[in-house]
Amino acid sequence: MVVLSGPSGVGKDAVLARMKHQGLSLDYITTATTRPIRPKEIEGRDYYFYKKEDFRALIDQDELLEWAEVYGNYYGVPKAPVRESLKNGRDVMVKVDVQGAASIKRMAPEAIFIFLLPPSLEELNKRLSHRLTESPETLKRRLDTAPKELAELQMFDYFVVNEEGRIDQAVDTISAIITAEKARIHPRRIDL
Ligand SMILES: Nc1nc2c(ncn2[C@@H]2O[C@H](COP(=O)(O)OP(=O)(O)O)[C@@H](O)[C@H]2O)c(=O)[nH]1
Ligand SMILES: Nc1ncnc2c1ncn2[C@@H]1O[C@H](COP(=O)(O)OP(=O)(O)O)[C@@H](O)[C@H]1O
């Protein structure tokens, strides 16, 4: 299990989209959220979009491996697809915030934790504001949260800087990490 985290706007989705093109044999787990869908997002690919009361039902029915309130919305990793992939001997990739990474670390310390870093907070601000997906309020909330998220770096196994205009380098580094981890004599086993 590969866990990818990083502040809003750093480039997680852009990196994942390119990794999917690279055809790495990883099952990317689509997670659940109550955040409203964005214009280019697709239900079931980017997220499973839920109303708050239906997300609450997922929690009550113990359907989620972990869940967290992130920037004012709820997000959670569905248990079933993760367990299905792992049972079939597949590697899984989850994209979660630092709270989710901490939860997963408690239940699966053998997972591989990768933190995607911006070159600077100024560059992060530029990327997130130029993405044109946030209101002034959510933009401020996400940027204000970034330093606290960056402070969680020590919990991770690897850091990858997503340099300005060099996303392929970040993708290559993440792919190299995964390739190396798959070459371990004693693979990190996950039991979830
Ligand atoms: N804890 C947790 N965080 C998640 C989950 N799915 C997505 N996230 C994180 O929630 C945060 C907000 O995601 P999103 O609204 O798509 O914003 P983005 O980071 O700007 O792409 C990001 O850090 C995601 O990685 C989940 O299932 N659990
Ligand atoms: N290496 C990079 N250099 C410049 N812009 C980037 C880079 N990586 C991603 N971006 C852009 O930054 C914005 C945020 O990327 P996104 O993948 O949405 O981040 P996240 O999923 O982490 O919130 C997007 O507009 C994306 O095209």
Side-chain angles (χ1 to χ4, degrees), residues 1-21 28-50 55 58-59 63-82 92-108 111 113-135 137-146 148-150 152 155-156 160-174 192:
M1 173 180 274
V2 180
V3 176
L4 178 67
S5 276
S8 180
V10 68
K12 299 181 296 297
D13 287 326
V15 160
L16 285 181
R18 286 167 185 254
M19 284 181 66
K20 287 175 185 171
H21 278 303
Y28 299 87
I29 302 296
T30 301
T31 57
T33 188
T34 61
R35 165 172 72 67
I37 192 165
R38 293 174 184 157
K40 298 194 187 78
E41 290 184 322
I42 296 174
E43 166 69 30
R45 183 196 66 181
D46 297 282
Y47 284 101
Y48 297 112
F49 293 93
Y50 283 87
F55 192 94
L58 290 179
I59 298 170
E63 301 269 353
L64 300 175
L65 207 58
E66 66 78 40
W67 63 274
E69 181 177 356
V70 192
Y71 319 136
N73 292 298
Y74 290 96
Y75 297 79
V77 179
K79 277 182 183 169
V82 171
V92 297
M93 158 85 82
V94 290
K95 180 197 71 170
V96 293
D97 83 313
V98 293
Q99 301 168 96
S103 302
I104 292 172
K105 188 148 186 151
R106 280 192 295 277
M107 55 181 87
F113 294 86
I114 302 175
F115 201 111
L116 192 61
L117 290 171
S120 66
L121 284 174
E122 292 71 32
E123 174 62 18
L124 184 71
N125 189 329
K126 190 164 100 17
R127 288 182 196 171
L128 191 53
S129 39
H130 292 180
R131 189 175 72 183
L132 306 175
T133 54
E134 308 306 321
S135 66
E137 297 74 30
T138 60
L139 179 66
K140 180 176 183 332
R141 179 166 193 169
R142 286 163 179 254
L143 291 175
D144 288 349
T145 309
K148 293 189 271 290
E149 293 169 320
L150 295 171
E152 298 299 320
M155 162 178 55
F156 290 77
V160 175
V161 181
N162 186 15
E163 298 288 356
E164 167 62 5
R166 287 161 47 194
I167 187 169
D168 288 325
Q169 186 184 67
V171 172
D172 291 347
T173 306
I174 293 174
L192 276 174

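Counting convention: from 1, in listed order, for ligands and their atoms alike. Predicted model only: the values in this text are computed from it and were never measured.
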Check [Y] with [X], please: is the shortest side-chain N to carboxylate O separation under 4.0 Å?
{"X": "Arg142", "Y": "Glu149", "result": "no"}
{"X": "Glu164", "Y": "Lys126", "result": "yes"}
{"X": "Glu41", "Y": "Arg35", "result": "yes"}
{"X": "Arg127", "Y": "Glu123", "result": "yes"}

For the residue pair Tyr75 and Tyr47, is the inter-centroid distance of their aromatic rings smaller than 6.0 Å?
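For Tyr75 and Tyr47, the ring centres are under 6.0 Å apart.
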
Check each of Ile29, Thr33, Thr31 against atom 6 (N) of ligand 1 and report the one with the nearest heavy atom.
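Looking at heavy atoms only, Thr31 sits closest to atom 6 (N) of ligand 1.
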
Check whether [X] reaches the backbone of [Y] with its side chain - one donor and one acceptor, N or O, closer than 3.5 Å.
{"X": "Lys95", "Y": "Lys12", "result": "no"}
{"X": "Ser5", "Y": "Phe115", "result": "no"}
{"X": "Glu43", "Y": "Phe49", "result": "yes"}

With respect to Arg18, which candidate in Asp13, Asp168, Asp172 satisfies the side-chain hydrogen bond (donor to acceptor under 3.5 Å, both in side chains) definition?
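For Arg18, the side-chain hydrogen bond (donor to acceptor under 3.5 Å, both in side chains) check succeeds only for Asp168.
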
Does [X] come within less than 4.0 angstrom of ligand 1, counting non-hydrogen atoms of the residue?
{"X": "Arg38", "answer": "yes"}
{"X": "Glu66", "answer": "yes"}
{"X": "Tyr47", "answer": "yes"}

Heavy-atom nearest neighbour in the protein, as seen from [atom], with distance rounded to 0.1 Å:
{"atom": "atom 17 (O) of ligand 1", "answer": "Arg142 NH1, 2.9 Å"}
{"atom": "atom 15 (O) of ligand 1", "answer": "Tyr75 OH, 2.5 Å"}
{"atom": "atom 22 (C) of ligand 1", "answer": "Lys12 CE, 3.9 Å"}
{"atom": "atom 1 (N) of ligand 1", "answer": "Asp97 OD1, 2.7 Å"}

Show the protein residues that qualify under the rule heavy atom under 4.0 Å from an atom of ligand 2, listing them in chain and number order.
Pro7, Ser8, Gly9, Val10, Gly11, Lys12, Asp13, Ala14, Arg127, Arg131, Asn162, Glu163, Glu164, Gly165, Arg166, Ile167

Is Lys140 atom NZ crowded by more than 12 heavy atoms from other residues, nucleotides or ligands, each under 6.0 Å away?
no

Anything under 30° is parallel, anything over 60° is perpendicular, the rest tilted; go ahead and classify Trp67 against Phe55.
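It falls in the perpendicular class, over 60°.
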
Looking only at distances, please establish whether an N/O atom of ligand 1 is found under 3.5 Å from an N/O atom of [X].
{"X": "Gly76", "result": "yes"}
{"X": "Tyr71", "result": "no"}
{"X": "Leu128", "result": "no"}

Using heavy atoms and a threshold below 4.0 Å, how should the contact between [X] and ligand 1 be classified: side chain, backbone, both, or neither?
{"X": "Glu69", "answer": "neither"}
{"X": "Arg35", "answer": "side chain"}
{"X": "Val70", "answer": "side chain"}

Pick from Thr133, Leu132, Asn125: which one makes a side-chain contact (heavy atoms from CB on, under 4.5 Å) with Ser129?
Asn125

